[in-house]
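Below: one structure, written as structure tokens.
Below, chains carry the letters A, B, ... as their sequence lines are ordered, and counting in each starts from 1. It should be emphasised that the depicted structure is a prediction, and the values quoted were computed from it without experimental measurement.
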Protein chains: 2
Amino acid sequence: MLITHTEENYLKAVYKLAGKEKKSVGTNAISKQMKTTAASVTDMIKRLSDKQLVNYERYRGVTLTNDGNRHATQLIRKHRLWEVFLVEKLNFRWEQVHDIAEQLEHIKSENLIHRLDAFLGSPRFDPHGDPIPNAEGKFMLRSQTPLSEMSEGSSSILLGVKEHDTPFLEYLNSLNIKLGTEIRILEKIKFDNSLKIVVDESSQSVISEKVSQNLFVRRK
Amino acid sequence: MLITHTEENYLKAVYKLAGKEKKSVGTNAISKQMKTTAASVTDMIKRLSDKQLVNYERYRGVTLTNDGNRHATQLIRKHRLWEVFLVEKLNFRWEQVHDIAEQLEHIKSENLIHRLDAFLGSPRFDPHGDPIPNAEGKFMLRSQTPLSEMSEGSSSILLGVKEHDTPFLEYLNSLNIKLGTEIRILEKIKFDNSLKIVVDESSQSVISEKVSQNLFVRRK
DNA sequence: TATAAAGTTTAGATTAATCTAAAAAAAATA
DNA sequence: TATTTTTTTTAGATTAATCTAAACTTTATA
Ligand SMILES: [Mn+2]
Ligand SMILES: [Mn+2]
Ligand SMILES: [Mn+2]
Ligand SMILES: [Mn+2]
């Protein structure tokens, strides 16, 4: 059964919004994510439901079927593998790859993705620290904590970022923060939960709570 | 100005059918190439004409404008670079890459193609021996002759193939013929112009005139 | 050169994907 | 519980890309 480019993007949106609790997703939430209108979403949901990719009842929101979930997971696999390719082989920086991967993830060829994976050495994480599901759709989980929950005086290593948008990643570049960087919390400012940090035991910065919530770390 | 996936495919079709003499191309020829109907072609041609990508006069056929020609050439550049990537880096065989490259050629990112070209070492020819235009759209020309025009007793080296469809390339594989292979003509059969050949001074075969017309060689 | 054949365009539909505006249902709240 | 607010759906259009059938032009040929 052929799934269009657009249908694939809706599946990804539902997957993302459902979270790991796989909760039911509403029309408005999808329309916001997809930058379309609620009316368009209702239309598309009916189509996905006809194709047995989502479970749908009027006014009740949608969940992915097993088929839909599998398809969404494979899209994420492709997206993240292409991001690794772009960074590792073509020397793109982590803030440049997402939009190109959004296009590449729709290329249809099982053989291609199988060979790409092998060429890259079956990476387990993408350039933003997100896990890459394997061919069967299984993710490698690892324990990570938002930096915002670490205590004053602690040192940790950056494992991943929550948001991947370019301005945020460029901001991290400007602070010399990248995957693997050590971050020590000098002081937590009580007033707004901003953090005074030391990056790789060299440069000192202050970051807002919002930034610290978007940095996933492990205790060093 | 945004050019759709479909519009790009029509531009490529016109480019191909016009040949290097850049002759005017008719509606039926395009519909055959694109596997659509003449009516669809007329419709699309009007759209391309509105976008100044083709010159069009009713009942008179179309030619590419400079813009259209530049765009078509860049598509061919992308297609052929991706084919090189698939063969050189992902170990695909030459008969497997065309359909995947048909998808990859539509990925939009100048930076991507620039880096891909560098990663591949700026190859001048693709896995089928077709020249890859440079970033300015210039092709490297080289003199090559169809094997069908070589004389009895001559030895030559395979530089390229005219058709790239999978069954033809698989047939060549079965004859141990690939780019760089030496082909010596033992005998030209007068009746149907089929050729008795020796491949790499080891295996002997008979190929039809049609096959020999699709093999481009240089005298050894 | 008149007629037939080939090639091309127009007319009118269809499908996917989108929109705005209005109606309907569910959820929140007074 | 009645009313208001929010969310979702339906109705009706629009645009890109496609089709079939019919009309029209150009080219070939008798
Ligand atoms: Mn991404
Ligand atoms: Mn990523
Ligand atoms: Mn090709
Ligand atoms: Mn090729």
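Within the 4.0 Å cut-off from OP1 or OP2 of D/dT8, at least one side-chain nitrogen or oxygen of A/Asn28 is found. An OP1 or OP2 oxygen of C/dT10 is reached within less than 4.0 angstrom by a side-chain nitrogen or oxygen of B/Lys46. Phosphate proximity of D/dT9 to A/Tyr56: present, with a side-chain N or O under 4.0 Å from OP1 or OP2.
The pair B/Arg70-B/Asp67 meets the salt-bridge criterion, since a charged nitrogen lies less than 4.0 angstrom from a carboxylate oxygen. B/Lys210 has no carboxylate O lying under 4.0 Å from a charged side-chain N of B/Glu163, or vice versa, which leaves the two without a salt bridge. Ionic pairing of B/Arg93 and B/Glu95 is present here: one or more N-O contacts between side-chain nitrogen and carboxylate oxygen are shorter than 4.0 angstrom.
Listed for the B/Lys46 side chain is no donor-acceptor partner under 3.5 Å among the backbone atoms of B/Tyr56. The backbone N or O of B/Arg142 sits nowhere less than 3.5 Å from a side-chain atom of B/Arg218 that would complete a donor-acceptor pair. At least one donor-acceptor pair under 3.5 Å links the side chain of B/Arg80 to the backbone N or O of B/Pro131. Of the possible polar contacts, none joining the A/Lys22 side chain to the A/Leu64 backbone as a donor-acceptor pair under 3.5 Å is found.
One atom, CZ of B/Arg58, and another, P of D/dA23, lie 17 Å apart when rounded to the nearest Å. One atom, CD1 of A/Ile30, and another, C1' of D/dT8, lie 11 Å apart when rounded to the nearest Å.
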What string of B, S and - do you get for nucleotides 15-22 of chain D 5' to 3' if you count protein non-hydrogen atoms under 4.0 Å? -SSBBB--
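Between B/Trp82 and A/Trp82, the ring planes lie perpendicular to each other; the angle is over 60°, past the 30° to 60° tilted range.
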Give every pair of a protein N or O atom and an N or O atom of nucleotides 2-5 of chain C that lie under 3.5 Å apart, one pair per line with the distance.
none

